[in-house]
> 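Handing you a structure now.
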Amino acid sequence: MRCVEHDMSIPTCLLLSKLRTAGYTVFSGVPCSNFGDLFDQVAKASGMLAVPAANEGSAVALAAGATLSGQRAVVALQNSGLGNIINPITSLLMVNQIPVLLLLSVRGFHERYRVSSKRM
């Protein structure tokens, strides 16, 4: 597979290769432009499953079910959707100690918001 650079910090094919090596086979999330290429490549990959979700909580629930069935799962979401998974994380994943990898993209970042790292 040829690795093509996109707007992501890491080329999609490299990220997918590392996730595959780590045993991740199920990917879910709300479709967005940031992870569109990732989901396209997962859908084409043998032995991997991409499941679009209607909302972030559904993606977490799907990933939890995949994990309970013995697979390793990834939930890809935008930072703006993080608030939508607080309850599923705390009442499903944490209570039942279900490991799920969360990939968050930063939407709308601008250099001027990097206040915490500036020297005063």
Side-chain angles (χ1 to χ4, degrees):
M1 168 178 7
R2 190 171 156 260
C3 204
V4 179
E5 296 249 355
H6 291 279
D7 291 336
M8 293 181 63
S9 299
I10 180 174
T12 304
C13 63
L14 180 59
L15 174 63
L16 188 56
S17 172
K18 291 188 177 296
L19 291 172
R20 182 190 288 270
T21 300
Y24 290 94
T25 58
V26 177
F27 292 73
S28 189
V30 178
C32 74
S33 58
N34 292 333
F35 287 118
D37 189 50
L38 176 66
F39 278 95
D40 288 346
Q41 288 191 33
V42 168
K44 295 174 189 173
S46 174
M48 301 186 101
L49 178 64
V51 183
N55 58 59
E56 293 84 357
S58 296
V60 170
L62 186 133
T67 301
L68 292 174
S69 74
Q71 300 179 64
R72 296 189 84 183
V74 175
V75 174
L77 65 148
Q78 294 178 5
N79 60 326
S80 59
L82 183 59
N84 298 334
I85 62 171
I86 300 302
N87 284 338
I89 287 175
T90 57
S91 64
L92 177 61
L93 300 183
M94 291 176 70
V95 168
N96 296 293
Q97 298 181 356
I98 301 170
V100 169
L101 178 64
L102 302 176
L103 290 180
L104 272 77
S105 65
V106 177
R107 189 137 186 112
F109 178 78
H110 191 275
E111 191 63 34
R112 68 179 171 191
Y113 297 121
R114 194 184 293 255
V115 175
S116 63
S117 65
K118 287 186 178 179
R119 256 192 176 165
M120 302 300 242

> Please tell me whether Met94 and Ile86 are part of a single hydrophobic cluster in this structure, the criterion being side-chain heavy atoms less than 4.5 Å apart.
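No; Ile86 is not reachable from Met94 via cluster members.
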> Could you list the residues that satisfy side-chain hydrogen bond (donor to acceptor under 3.5 Å, both in side chains) with Ser80, not counting sequence neighbours?
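By the side-chain hydrogen bond (donor to acceptor under 3.5 Å, both in side chains) rule, Ser80 matches Gln78.
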> Does any part of the side chain of Phe39, heavy atoms only, come nearer than 4.5 Å to the side chain of Pro52, both counted from C-beta?
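They are not in side-chain contact.
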> Which heavy atom of Ile89 sits nearest a heavy atom of Leu102, and at what distance?
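Residues Ile89 and Leu102, closest heavy atoms: CD1-CD1, 3.9 Å.
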> Could you walk me through whether Phe27 and Leu16 satisfy the side chain to side chain contact (heavy atoms under 4.5 Å, CB included) test, starting with their C-alpha distance in whole Å, then the side-chain angles of each, then the deciding distance to 0.1 Å, before giving a yes or no?
CA-CA 11 Å; Phe27 292 73; Leu16 188 56; 3.9 Å; yes
> Could you pull out all donor-acceptor pairs under 3.5 Å where a side-chain atom in residues 58-67 meets a protein atom, sequence neighbours excluded?
| from | atom 1 | to | atom 2 | distance (Å) |
| --- | --- | --- | --- | --- |
| Ser58 | OG | Asn55 | OD1 | 3.1 |
| Thr67 | OG1 | Ala63 | O | 2.9 |
| Thr67 | OG1 | Pro99 | O | 3.3 |

> Kindly work out whether a path of hydrophobic side-chain contacts (I/L/V/M/F/W/Y, heavy atoms less than 4.5 Å apart) joins Val74 to Leu82.
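No; Leu82 is not reachable from Val74 via cluster members.
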> Going by side-chain heavy atoms closer than 4.5 Å, which hydrophobic residues are tied to Val30, directly or by a chain of links?
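Besides Val30, the cluster holds no residue at all.
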> Would you say Leu104 and Leu77 make side-chain contact, with heavy atoms under 4.5 Å?
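The answer is yes; the side chains approach within 4.5 Å.
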> Starting at CG of Leu38, measure out to CG of Leu103 and round the result to the nearest 0.5 Å.
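Those atoms lie 7.0 Å apart.
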> Do Leu92 and Val75 sit in the same hydrophobic cluster, where Ile, Leu, Val, Met, Phe, Trp and Tyr count as joined when their side-chain heavy atoms come under 4.5 Å apart?
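Per the 4.5 Å side-chain linkage, Leu92 and Val75 are co-clustered.
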> Hey, what do you get for CD (Gln41) to CG (Asp37), rounding to the nearest 0.5 Å?
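Going from CD on Gln41 over to CG on Asp37, the span is 4.5 Å.
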> Holding to side-chain hydrogen bond (donor to acceptor under 3.5 Å, both in side chains), I want the full list of residues that pass it with Ser69, two or more places apart in sequence or in another chain.
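So Ser69 forms a side-chain hydrogen bond (donor to acceptor under 3.5 Å, both in side chains) with Gln71.
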> Under the side-chain contact (heavy atoms from CB on, under 4.5 Å) rule, collect the residues that match up with Ala22, sequence neighbours excluded.
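Tyr24, Arg72.
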> Nearest 0.5 Å, please: how far is CG in Leu19 from CG in Leu14?
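Leu14 atom CG to Leu19 atom CG measures 9.5 Å (nearest 0.5 Å).
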> Identify the two heavy atoms, one from Ala43 and one from Ala50, that lie closest to each other, and give their separation to 0.1 Å.
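In this case the closest contact between Ala43 and Ala50 is N-CB, 4.1 Å.
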> Apply side-chain contact (heavy atoms from CB on, under 4.5 Å) to Leu68 and list each qualifying residue two or more places apart in sequence or on a separate chain.
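Ile98.
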> Testing the basics here: between Asn96 and Ser91, what is the closest heavy-atom pair and its distance to 0.1 Å?
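Closest heavy-atom pair between Asn96 and Ser91: ND2-O, 4.2 Å.
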> Mark yes or no for whether Ser17, through its side chain, and Cys13, through its backbone, hold a donor-acceptor pair below 3.5 Å.
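Not at all, since once roles are kept as given, no pair shorter than 3.5 Å links the two residues.
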> With Val100 as reference, evaluate Leu93, Ile85, Val26 under the side chain to side chain contact (heavy atoms under 4.5 Å, CB included) test and give the passing residue.
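The single option meeting the side chain to side chain contact (heavy atoms under 4.5 Å, CB included) with Val100 is Leu93.
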